[in-house]
Q: 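Mind looking over this structure? Questions follow.
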Protein chains: 2
Amino acid sequence: MAIRPAEQLIHKAAWLYYAHGLRQDQVASQLNISRASVAMYLRKARETGIVNISTSTQLFTDDVLARKLEDVLSLDAVWIAPENDHIADPSTEIAVLAASVFLELVKKGDRIGVAWGRTVYMIADVMSYADLQDVTVVQLCGNLGAPYSYRPDQCTMEIARRLNAKGLNFYAPLVLSTEELARALRAEPVIREQLSGVSECDLALYSVGAVDADSHLVKCGALTPSEMADLRSQGAAGVIAGQIIDAEGKVLDCSYNRRVISAELASLRAIARRLVVVQEDSKFEPLLAAIAGGLCTHLVVGAHMAQRLLDHAAATIEKAS
Amino acid sequence: MAIRPAEQLIHKAAWLYYAHGLRQDQVASQLNISRASVAMYLRKARETGIVNISTSTQLFTDDVLARKLEDVLSLDAVWIAPENDHIADPSTEIAVLAASVFLELVKKGDRIGVAWGRTVYMIADVMSYADLQDVTVVQLCGNLGAPYSYRPDQCTMEIARRLNAKGLNFYAPLVLSTEELARALRAEPVIREQLSGVSECDLALYSVGAVDADSHLVKCGALTPSEMADLRSQGAAGVIAGQIIDAEGKVLDCSYNRRVISAELASLRAIARRLVVVQEDSKFEPLLAAIAGGLCTHLVVGAHMAQRLLDHAAATIEKAS
DNA sequence: TGCCCAGTTTGACTTTTGTCGAGAGCCGTG
DNA sequence: CACGGCTCTCGACAAAAGTCAAACTGGGCA
């Protein structure tokens with residue numbers, strides 16, 4: 001009985017413990033193993049998603065602020081992570097909340113589009129394991145060759161791993177050196193298929209990038225700081241799935257965008273649930289752009305950002321009237 | 001701060017403990033309360049479904065036997081509760097499994113039809129709490145006035161309570177004394193509406209009753225033992241949602257059925273997922289009838305029953321060839 | 001006002017659970 | 001066939017969680 005402790009035993013232990021409510025020693029005697037082993041199995045069961053512990057995120061939508069934001073920005077749902085009191089690290093708080101919200105939004109059989117970035121990777125990192133075998137996680141945009149730690153494929157694969165789902169990477173560079181090459185590559189059947197499959201997603205997860213020298217696009221060499229500054233003066237307001245958008249949330253008409261291999265914004269908008277998570281307060285304008293462009297239906301932000309959004313909306317309405 | 005500890009605190013405690021993985025004493029100090037209170041809050045959180053602990057029921061479908069049954073009976077999914085070894089009470093085991101399976105099948109926004117009986121009530125009784133606010137549980141058949149403990153409305157309400165969902169009872173007797181009255185009552189707008197709403201359900205939960213003197217219908221006075229025996233000789237093979245069905249799973253043409261207020265079998269068949277749970281080995285024939293009538297897409301049974309079903313199917317095929 | 005009640009909170013205690021290092025079986029390899 | 005390397009397992013200890021009766025709280029009521 002020392003061969004292959006196997007899923008089987010883990011399952012049984014988890015079943016007896018969590019579903020029947022037995023104590024670990026009772027489980028141990030039923031299964032003829034030591035209690036220590038049971039404890040270990042149970043940990044594994046939790047880690048692999050055989051048991052699922054999830055907490056309602058309702059607390060964060062019950063907030064009046066969240067409700068107001070939903071109304072004023074016409075979003076389906078908003079979650080606000082508290083930042084006021086002795087919270088050690090608000091950005092972690094946001095990531096943890098976003099991970100829970102994400103898991104709550106996923107349904108069996110879903111196809112999920114995932115973009116990339118520090119925020120997305122942080123969410124993946126704190127996401128608890130689940131066992132969603134008939135779920136597919138697809139990468140929304142091309143890869144960056146640069147030795148950068150939040151690569152699009154890493155984000156996709158990590159989330160797929162956590163969910164025990166199928167991961168669908170796509171191996172094209174995010175940005176090419178000429179528009180021609182980008183066009184040609186987009187026409188490739190493999191790539192075209194992947195791109196057209198995006199609109200069949202049921203759920204999307206992304207953050208939004210800022211248009212400044214700290215942007216990921218600059219850090220990993222897709223754009224130089226001066227190019228970025230140029231784009232900014234041309235009206236660039238944010239970055240979504242590797243593409244530059246203007247203040248209205250439309251793709252900016254520029255060479256860079258034409259050289260990018262990524263899901264079209266129209267495809268993104270075709271996804272029913274679009275979860276946008278923003279950690280940094282500095283991403284206020286990019287977020288406004290994303291919302292303006294209808295790229296967001298579900299939003300997770302910190303309390304401070306939420307307040308800014310609400311104030312801004314109020315000011316806009318006042319000005320209009 | 002002693003006023004209304006409220007959901008708020010429970011939510012926060014649950015969040016810090018389960019989502020952030022803090023220890024109870026850390027949660028206690030964050031929230032400025034004693035660890036004992038935290039422990040109590042966490043229990044409440046579990047009881048009210050603010051946190052959800054669920055275990056994958058895959059173990060029970062992985063069974064080869066389950067796979068074979070799915071094939072041979074053309075069912076969508078089969079779960080088999082083990083009965084072989086030192087399991088104390090196989091019927092409880094089946095109920096616990098059925099409850100887990102049920103919870104796994106429920107999706108947000110679902111409308112769920114629930115019938116009645118000892119089995120259904122047992123399932124409700126062991127079902128863990130969940131917080132599915134946009135779920136509606138509807139009663140599939142009329143009530144029994146008799147002082148019987150597994151009344152249809154009780155089954156419905158208990159499941160709704162566990163799920164924190166809306167319960168939709170319907171207050172008509174299950175069986176009337178004359179066909180005329182039954183017809184008249186069925187024509188009542190309130191009742192008609194409820195009955196026609198059944199086919200809009202996404203999920204149904206019921207067991208199947210035996211046609212003998214031990215049947216609930218006899219025990220609660222809807223039928224006398226001799227009437228039951230009569231029906232049996234007329235071809236009655238089982239009871240579904242208070243109605244007598246024949247071996248082919250069709251409604252038996254008899255006075256009793258015409259006097260019953262319950263969801264029509266056609267409405268039941270219109271429900272995409274029909275979870276049938278059978279505990280007693282004696283319900284072999286009724287179950288066969290239900291399956292024959294297409295009243296079952298998802299099945300939970302004990303190992304012994306599963307084997308009988310498979311043997312029977314094998315024999316039938318052999319005979320046919 | 002003073003008293004009682006229902007529900008909360010707490011400290012102290014017990015029980016349950018997590019973890020560690022050591023030991024045992026298995027396997028491929030030299 | 002003996003040897004490490006590997007993983008699984010166990011016993012014992014430390015840490016964490018559950019429990020209970022007693023104290024407390026604020027609000028309703030005579």
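Protein chains get the first letters and strands the later ones, always in sequence-line order, with residue 1 at the start of each.
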Q: Please enumerate all protein N or O atoms sitting under 3.5 Å from an N or O of nucleotides 19-23 of chain C, with distances to 0.1 Å.
A:
none

Q: Restricting to pairs with a member in residues 100-115 of chain B, which pass side-chain hydrogen bond (donor to acceptor under 3.5 Å, both in side chains), not counting sequence neighbours?
A: B/T57-B/E104, B/D110-B/R273
Q: For B/D134, which residues count as a side-chain hydrogen bond (donor to acceptor under 3.5 Å, both in side chains) partner, sequence neighbours excluded?
A: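 Here no residue qualifies.
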Q: For a 4.5 angstrom cut-off between non-hydrogen side-chain atoms, does A/Q26 reach A/L16?
A: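 In short, these two side chains do not touch, never coming nearer than 4.5 Å.
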Q: In this structure, how many angstroms lie between the C1' atom of D/dA16 and the CZ atom of A/R23, rounded?
A: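 So the CZ-C1' distance, A/R23 to D/dA16, works out to 16 Å.
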Q: Looking only at the side chain of B/S34 (C-beta and beyond, no hydrogens), which of the listed nucleotides C/dT16, C/dT10, D/dA17 gets closest?
A: C/dT10
Q: Looking at residues at least two apart in the chain, or sitting in another chain, which of them share a salt bridge (charged side-chain N to carboxylate O under 4.0 Å, His left out) with B/D71?
A: none
Q: Expressed in angstrom and rounded to an integer, what is the separation of A/L22 atom CG from D/dG18 atom P?
A: 16 Å
Q: Could you give the CG-to-C1' distance, from B/L42 to C/dT8, as a whole number of Å?
A: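 Distance check: B/L42 CG to C/dT8 C1' gives 16 Å.
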Q: May I ask you to evaluate whether B/K44 reaches the phosphate of C/dT8, defined as a side-chain N or O under 4.0 Å from OP1 or OP2?
A: yes
Q: Would you indicate, yes or no, if C/dT8 has its OP1 or OP2 atom less than 4.0 angstrom from a side-chain nitrogen or oxygen of B/Y41?
A: no
Q: Figure out the CG/C1' separation between A/D25 and D/dA12, and round it to whole Å.
A: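 Checked: the CG to C1' distance equals 15 Å.
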Q: Taking atom C1' of C/dT16 as reference, at what distance in whole Å does atom OH of A/Y18 sit?
A: 13 Å
Q: Can you tell me how far C1' of C/dT9 sits from CG of B/N32, to the nearest Å?
A: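 It works out to 13 Å between those atoms.
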Q: Kindly write out the residues that satisfy ring-ring contact (aromatic ring centres under 6.0 Å, His included) with B/W79, not counting sequence neighbours, or none if the list is empty.
A: none
Q: Does A/S37 make a side-chain N or O approach to OP1 or OP2 of D/dC10 shorter than 4.0 Å?
A: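 Yes, such a contact exists.
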Q: Salt bridge or not between A/K44 and A/E47? Use side-chain N to carboxylate O under 4.0 Å.
A: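 Looking at A/K44 and A/E47, the cut-off is not met.
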Q: Less than 4.0 angstrom between a side-chain N/O of A/R46 and OP1 or OP2 of C/dG18, yes or no?
A: yes
Q: So which pairs with a foot in residues 17-34 of chain B pass salt bridge (charged side-chain N to carboxylate O under 4.0 Å, His left out), sequence neighbours left out?
A: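 Non-adjacent pairs meeting salt bridge (charged side-chain N to carboxylate O under 4.0 Å, His left out): B/R23-B/D25.
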Q: Taking CG from A/L9 and C1' from D/dT9, how many angstroms apart are they, rounded to a whole number?
A: 12 Å
Q: Nearest-Å distance, CD1 (A/I33) to P (D/dT7)?
A: 19 Å
